[in-house]
Colleague: 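Here it is: the structure, laid out below.
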Amino acid sequence: MSKKIILYSSLLVLCSSLSFAQNKTRTYLVDPDLAPRDHNVEYSHLRLNIAFEPDKGLVKGKVTLAFTTLRQTTDSIWLDGIQMTVEKLTINGKDVKYRTDSAGIMIFPGTNLGWQTKDSIEVTYECTPRKGIYFIGWNAQLPGPLDETTGLTRKEIWTQGEGTDNRYWIPMYDGFNNKLITETIVTFDKDYEVLSNGTKVSVKDNKDGTKTWHYTMTHPHDAYLIMLGIGKYAIDERKTKSGLPVHLYYYPEWKDRMIPTYKYMTDMIDFYDKEIGVNYGWESYSQIPVQDFMYGAMENTTATIFGDFYMVDARSFLDRNYIGVDAHELAHQWFGDMVTCRTPSSMWMHENFATYYSALFDKEIFGKDYFDWERRGFQNAAIVANKNDQNPIASSMAGGTRLYPQGAFVLNMLKYVVGGREMYNKAMKYYLEKHKYQNVEARDLLIAFEESTGMSLDWFWEEWYFKGGLPSYSISYSEQNGATQFTVSQTQELTDITGLSAADGRVAGLYKMPIWFEVHYTDGTLDKKQAWIEKQTENVNIPNPSAKKIDFVLFDPDNQVLKSAATFHKPFEMLKAQAMKADNLLDRLDAVEAMKATDINTKRNTLIDVYNKESFQAVKAAVVAQLISDSNSQSRNIIRSAIHNKDVAVRKSALSNAKTIPAELLPDYETLLSDSSYDAIVSTLDLLNKNNPAKLPQYLASTKGVIGTIGRNVEIKWLELSAASTNDKQYTDKLVAYTSNSYEFRTRGNAMDALMRLDYFDTTLLANLLNAVPSSNGRLSGPATQVLQYFYAEDKWKKTIADYVAANKWEPWQLTAIKKIVN
């Protein structure tokens, strides 16, 4: 019997470190109104002296910008600075005329500045920015201190400058194409810690209860990477093998979370120094967690900011940990900070590399199977993105998937094409050393690879970076004339915007790639051959002069080539052999996935054998998905084994695939109420409630008092089920309280979603929703908007909501967001 394989047709669950989709992705399109003006001067130094009135969200600063004119005549200079109040502005110490508008400051030097002379602008200013710098908790209903019991908000100040948001709190040239030395001097309450870029030069005590912190960089970097982090922290001091100082900030009451969070920090730096071949290029490295961060983290030069939801204890580590994001941000210190793209359309040169090198570190720590599983996640994400559009990676319209996972897969493919790790690393070292502390464009990377390897790679850049789309293959094989013949056809739609351009008789839209073919025999031997596949249909022959019996065959073993599909017809016995014997995880997984349409009686024993032999969770989970509905006792034993498996991902597969619980497995599923994974407890509560609601009071009693991981996920699920089953208002009141700005955004969002599922609404919830809807944090405003839309669509609440909005005073920016829902 023959079965049709269409690889990668379903989305597999991504491993925990693949946080690009929901935690890291940023949009790099610049608002046309904020686009850079003419760049009349080049800045070499920025000195920022700054203080705050946090209750008012007020920034009070003085910035000094050293510059050199680029033109022979310069009668005006533009500084980006959103809604700044300028108190004084001088050039070289002399007052000059200037004009401000909502986007910045136009300066008129008066007499023309000398060409290529060194000059200095000094601006004293105030602003109350809505972006770029964030004042967390200073106006909360119930301000901290935060602890495990209350969960109340902290008081912090932190910044997020990428892509062009530092202009909201610093008047400066806020473009990508100007590297400069920066210096930051901050005066703030002495009970807080202050972090900024570079070396901490000094900390001075002042008589008014404040301190002044002075930081400076020793190498130039881009202005969007300037950062501040202010809060109450302890600091763990470490050093790498090379002696680099590493400063790891943490909340004093979360000391137990410091070790799991920063578990591999210095190991990462040591690994990258060796793997990249160019040592870390800055004077120190720091990390600081902050509340309500809108992304996963941000790679500010020498000082990464990350969301404190990643600062987890050993138990929460099972559900969400910082390792992948940590490695991603660290890689940016080379790719993005030391070598920086010149324009947003080249932003892939930051994110592709950071995502890829993060995966390489995972490979170093967790092994090749883990790395390959990440690559499959990258590929699945690319397939979905390319169904929506076929924009290229090297484009300002690329989108998050191409900037992160697809680009990471392509880099691994580039390594494969140039001949492996040594040649690839040689080229990367050459590229980084050639462009150290400089701005680059896409062709700079291509030239570096060509100059260092001697290979012509323009075709690779064309089909994988400058054009969009993915190839799709149809493969068959036959045995004839003492050989195994593979027939490969490219089946993607042929267009001018994908693949290679038409040339020398080649049809536009075809891809050119070297691909391996393998024939495995029942005696344990194999033959293999690599061939360039670049025509619409090609034959590849592998001699078999001894007429050995074929066990299984592979096209592109280990899935080295990015593709939307590889359709291959293989008999079940061949799939069985591949699933049991293939060396590479992805080849084994593909064989199991290809068995989905096979009758359960045919595949049951094979799936059981695969489960018992396999060590990696992804293949075990694929088996669980196919056996979960089988009533056979042997299959039930496999599900029981999965429920009690030591790997949390396998246990979760027994939960996520279950629709109903057989009576004999109910006691096994009930044990997951005390699982080490908080996410598993939440899923178990839902599953048991649906399958055995009569015992819900017992299930709730056994999980009472469990808070869960960041976002209080277990507690909020507990409150939701308690409210649904008892109609006791104390539970909904607690959920409503958790939606207020006294709590961090994940708790608020979880509580909002629970109340929507309960269809519970009151005016306190309304006030909290309206507080959240205008938030600059999309992961708070998003859930709040969805919940408010849900209730506003109900006739019984529409007037209540409209009247409340009309009766209260709102800032213009708040009303703009609210009116998109309530009209």
Side-chain angles (χ1 to χ4, degrees), residues 1-15 373 376-377 380 570-576 578-580 585-586 588-673 675 677 679-696 699 717 721:
M1 183 187 300
S2 176
K3 296 297 174 185
K4 184 179 182 182
I5 309 175
I6 302 182
L7 305 183
Y8 334 123
S9 60
S10 62
L11 271 178
L12 305 175
V13 178
L14 300 180
C15 60
W373 178 233
R376 176 51 54 86
N380 284 333
K570 295 182 182 179
F572 179 76
E573 287 302 315
M574 183 173 284
L575 294 177
K576 176 180 176 180
Q578 181 176 326
M580 292 293 292
L585 165 73
L586 296 181
R588 301 193 302 273
L589 178 61
D590 288 339
V592 173
E593 291 285 331
M595 296 178 188
K596 284 181 178 178
T598 302
D599 176 74
I600 187 63
N601 292 316
T602 301
K603 67 183 178 181
R604 180 186 297 117
N605 290 338
T606 295
L607 290 174
I608 290 171
D609 289 343
V610 170
Y611 180 93
N612 288 327
K613 181 180 180 181
E614 182 62 49
S615 60
F616 193 73
Q617 55 87 8
V619 178
K620 284 183 177 290
V623 170
V624 168
Q626 295 187 49
L627 294 180
I628 194 82
S629 300
D630 185 17
S631 59
N632 181 275
S633 61
Q634 291 179 288
S635 294
R636 293 278 166 85
N637 286 335
I638 291 296
I639 304 307
R640 181 176 288 110
S641 172
I643 292 170
H644 298 286
N645 195 275
K646 65 180 181 180
D647 192 319
V648 66
V650 179
R651 300 199 301 275
K652 288 180 178 180
S653 74
L655 286 165
S656 62
N657 288 291
K659 300 296 185 292
T660 60
I661 301 177
E664 64 266 39
L665 291 179
L666 181 60
D668 297 283
Y669 275 102
E670 288 175 340
T671 65
L672 295 177
L673 288 173
D675 197 84
S677 161
D679 285 353
I681 294 174
V682 171
S683 298
T684 303
L685 278 170
D686 261 336
L687 183 64
L688 291 173
N689 178 49
K690 291 173 183 175
N691 282 271
N692 198 14
K695 288 185 68 175
L696 181 61
Y699 300 146
K717 176 55 66 177
L721 294 177

Colleague: To the nearest 0.5 Å, what is the distance between CG on Leu688 and NZ on Lys695?
Modeller: 8.5 Å
Colleague: Kindly compute the distance separating CH2 (Trp373) from CG (Leu586), expressed to the nearest 0.5 Å.
Modeller: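 It is 8.5 Å, given to the nearest 0.5 Å.
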Colleague: If you round to the nearest 0.5 Å, how far is CZ of Arg604 from CG of Asn632?
Modeller: 4.0 Å
Colleague: Tell me the closest heavy-atom pair linking Ile643 and Leu672, and the distance in Å.
Modeller: O-CD2, 3.6 Å
Colleague: Would you mind reporting whether Ile639 and Asp630 have side-chain heavy atoms less than 4.5 Å apart?
Modeller: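 Side chain of Asp630 against side chain of Ile639, heavy atoms only: no contact under 4.5 Å found.
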Colleague: Judged by atom type as modelled, is there a donor-acceptor pair below 3.5 Å linking the side chain of Asn689 to the main-chain atoms of Leu685?
Modeller: no
Colleague: Which atom names give the shortest non-hydrogen contact between Leu655 and Ser683, and what distance separates them?
Modeller: CD1-CB, 4.0 Å
Colleague: So how far is it from Asn645 CG to Lys620 NZ, rounded to the nearest 0.5 Å?
Modeller: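 Those atoms lie 6.0 Å apart.
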Colleague: For a 4.5 angstrom cut-off between non-hydrogen side-chain atoms, does Tyr611 reach Val619?
Modeller: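 No, side chains not in contact.
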Colleague: What heavy-atom pair brings Ala618 and Leu589 nearest, and what distance separates the two atoms?
Modeller: O-CD1, 3.9 Å
Colleague: Would you check if Gln617 and Val648 make a side-chain contact, meaning some heavy-atom pair closer than 4.5 Å?
Modeller: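 When only atoms from C-beta onward are counted, Val648 and Gln617 do not touch, as no gap falls below 4.5 Å.
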Colleague: When you measure from the side chain of Thr684 to the backbone N and O of Ala680, does any donor-acceptor pair fall under 3.5 Å?
Modeller: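 A pair under 3.5 Å: yes.
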Colleague: Any side-chain to backbone donor/acceptor pair from Lys717 onto Val682? Under 3.5 Å, distance only.
Modeller: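 Here the side-chain-to-backbone pair does not exist.
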Colleague: Of all the heavy-atom pairs spanning Ala579 and Ala591, show the shortest one and how long it is.
Modeller: N-CB, 3.6 Å
Colleague: Assess whether side-chain hydrogen bond (donor to acceptor under 3.5 Å, both in side chains) is satisfied between Tyr669 and Asn691, documenting all intermediate values.
Modeller: CA-CA 11 Å; Tyr669 275 102; Asn691 282 271; over 6 Å; no
Colleague: Could you measure the distance from the OG1 atom of Thr602 to the NZ atom of Lys576? Nearest 0.5 Å is fine.
Modeller: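 Thr602 OG1 to Lys576 NZ: 11.0 Å, rounded to 0.5 Å.
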Colleague: Which heavy atom in Ala658 sits nearest to a heavy atom in Leu687, and how many Å separate them?
Modeller: O-CD1, 3.7 Å
Colleague: If the threshold is 4.0 Å, N to carboxylate O, is there a salt bridge linking Arg640 and Glu664?
Modeller: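 Judged by the 4.0 Å cut-off on N to carboxylate O distance, Arg640 and Glu664 do not form a salt bridge.
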Colleague: Say you draw a straight line from CG of Asn612 to OG of Ser641; how long is it, rounded to the nearest 0.5 Å?
Modeller: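 If we round to the nearest 0.5 Å, Asn612:CG and Ser641:OG are 7.0 Å apart.
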Colleague: Given Arg588, which partner from the list Glu593, Gln578, Glu614 fulfils the side chain to side chain donor-acceptor pair (under 3.5 Å) test?
Modeller: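 Answer to the side chain to side chain donor-acceptor pair (under 3.5 Å) test with Arg588 among Glu593, Gln578, Glu614: Glu614.
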Colleague: When you measure from the side chain of Arg651 to the backbone N and O of His644, does any donor-acceptor pair fall under 3.5 Å?
Modeller: no
Colleague: Using the rule given for side chain to side chain contact (heavy atoms under 4.5 Å, CB included), can you reason through Asn692 versus Tyr699, listing the C-alpha separation, both sets of side-chain angles and the distance that settles it, and then say yes or no?
Modeller: CA-CA 10 Å; Asn692 198 14; Tyr699 300 146; 3.1 Å; yes
Colleague: With a 4.0 Å cut-off on N to O distance, would you call Arg636 and Asp668 a salt bridge?
Modeller: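 Salt bridge: no.
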Colleague: Can you see which heavy atom on Ala642 is nearest to which on Val624, and at what distance?
Modeller: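 In terms of heavy atoms, the two residues are closest at CB-CG2, 3.8 Å.
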Colleague: Side chain to side chain contact (heavy atoms under 4.5 Å, CB included), that's the test. Do Thr606 and Thr598 meet it? Break it down for me.
Modeller: CA-CA 11 Å; Thr606 295; Thr598 302; over 6 Å; no
Colleague: Counting N and O atoms only, with roles assigned by atom type, does the side chain of Gln626 sit under 3.5 Å from a partner on the main chain of Val592, one being a donor and the other an acceptor?
Modeller: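 Yes, Gln626 side chain to Val592 backbone: donor-acceptor pair under 3.5 Å.
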